[in-house]
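One structure below.
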Amino acid sequence: MAGMSSTEAGSFPSVQGSRRSSAVLITGAGGEVGHGLIRALHDRGRRDIVAIDLRDLDPDIRAMCMQTVVGDICDAMLLGRLLAMFELREIYHLAALLSTRAEFTPETAHDVNVGGTLGLLRLAAEQARSHGQPVKFVFPSSIAAHGLPDLATKTAAGTIRWDQHLTPTTMYGCNKLACEHLGRYYMHHYRQLAKDRVPDLVDFRCLRYPGLISADTVPSGGTSDYGPEMIHAAARGEHYACFVREDTRIPFLTMPDAIDATLQLADIDRRKLSTPIYNLTAFSPTAGEFAALVREHFPAADITFEPDLQRQAIVDSWPVDVDDAPARRDFGFAPKHDLDSAFRDYLVPRIRARYAR
Ligand code: SER
């Protein structure tokens, strides 16, 4: 392994000579997606992972990284030091404040979600200028970029395309939509009037995750969290008060399928991409259907429905389903899990094992 070290933002190791190490950067590395992505990249033999998070990473994840940095993506000095230390070829920018948390501190959410992304896009462009190759910038956006005004419109709209109903009602959704545009700008129009403009610096690739469900981690700060919270609570033998109505329906995807899709999008020849943004989904159960499956696998599950009207309104602004045909066609998105197999083959066995330990 190419060295394992964790460092505070203020104590970067010194540059060895004048050469910078080639690296793939992952922000928000300690989050749910970060964990899965680092494991997957490590399994593929990547030994050049540089991971940033606000908190120190779990030791097993840290051991898979060439370098880990505890720091804030909004810290311009930190990004400057990354530029000096590493020759970045790929960036997976995962760091964000999710939709529920963002509503309590909308301005901070904007600073992190948009300001942080802007800083990283700029870092990508500077990196590309310095080493002469485009930097691949993989950006997970979210179903939250969509916004339907009310439940009746949501129900009538049914399955929507990536370019429909883009009037989000959450700060998080507004931030994701803004970043989708920023990515497009950096890819096609960055410094378009400058005499010394260099084209094709940033190869921006964007997918929108639906609600994600992981057997290994419990989410925090999101509004689609009722799905994973319900099953983790049942496995722990705890009561769960679901904060949305039983008839609430949004799309979901298991974490392994989300990671596979992310890497498929990253790997594909750019010329195969026919849309700027890809929606993903695997299944769209109601919260009641989800609870019924949880009860089937955990007969003692104690689930009640106690809707929180404000959080309900957020979920009611997200589509019932999204059209993922472009992702299937362009980069071979093919989720392994439908709702039944997600429970049977992935969630239940792994969650049981996790809490049996
Ligand atoms: N899971 C996210 C949230 O609930 C949506 O992408 O905020």
Side-chain angles (χ1 to χ4, degrees), residues 27-28 30-37 92-106 108-110 112-114 116-117 138-148 154 160 162 165-180 206-232 242-245 248-259 261-262 265 277-285 287 290 307-308 310-322 324 327 335 342 347:
T27 72
E32 286 204 285
V33 179
H35 274 228
L37 191 64
Y92 293 83
H93 175 37
L94 312 175
L97 260 72
L98 294 187
S99 57
T100 290
R101 188 153 302 154
E103 290 309 310
F104 293 104
T105 54
T108 305
H110 185 274
V112 174
N113 295 351
V114 181
T117 304
V138 181
F139 180 70
S141 180
S142 161
I143 187 180
H146 293 290
L148 295 110
K154 162 174 169 149
I160 65 172
W162 69 273
H165 298 286
L166 296 172
T167 315
T169 64
T170 60
M171 179 51 106
Y172 174 71
C174 292
N175 295 163
K176 287 294 189 187
L177 195 56
C179 293
E180 292 177 1
C206 180
L207 29 72
R208 290 195 193 124
Y209 292 148
L212 297 183
I213 314 178
S214 168
D216 303 326
T217 47
V218 187
S220 70
T223 320
S224 59
D225 294 0
Y226 62 88
E229 281 173 359
M230 203 184 281
I231 180 165
H232 281 267
C242 181
F243 58 81
V244 295
R245 287 186 319 269
T248 303
R249 195 188 287 282
I250 58 165
F252 284 96
L253 188 65
T254 63
M255 189 60 75
D257 282 335
I259 301 297
T262 306
L265 176 64
I277 289 146
Y278 289 90
N279 272 334
L280 306 177
T281 181
F283 40 85
S284 257
F290 202 90
D308 169 322
Q310 276 105 11
R311 292 183 92 187
Q312 178 73 58
I314 290 178
V315 185
D316 285 347
S317 77
W318 293 346
V320 165
D321 204 354
V322 290
D324 62 4
L347 293 168

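Whatever order the structure lists them in is the order used to number ligands and atoms, beginning at 1.
- Between the side chain of Ser141 and the backbone N or O of Leu207 there is no donor-acceptor pair closer than 3.5 Å.
- For the ring-ring contact (aromatic ring centres under 6.0 Å, His included) test, residues two or more places apart in sequence or in another chain that qualify with Phe243 are Tyr226.
- Every protein residue with a heavy atom nearer than 4.0 Å to ligand 1 is included here: Leu98, Ser99, Ser142, Tyr172, Gly222, Thr223, Ser224, Trp318.
- Judged by distance alone, with hydrogens and angles left aside, the side-chain atoms of Asn113 form a donor-acceptor pair with the main-chain N or O of Leu97 at under 3.5 Å.
- Nearest heavy atoms, Ala102 versus Ala109: CB-CB, 3.5 Å.
- In this structure, Glu103 does not pair ionically with Arg311, as no charged nitrogen and carboxylate oxygen lie closer than 4.0 Å.
- A donor-acceptor pair under 3.5 Å links the side-chain atoms of Asp225 to the main chain of Gly222, judged by distance alone.
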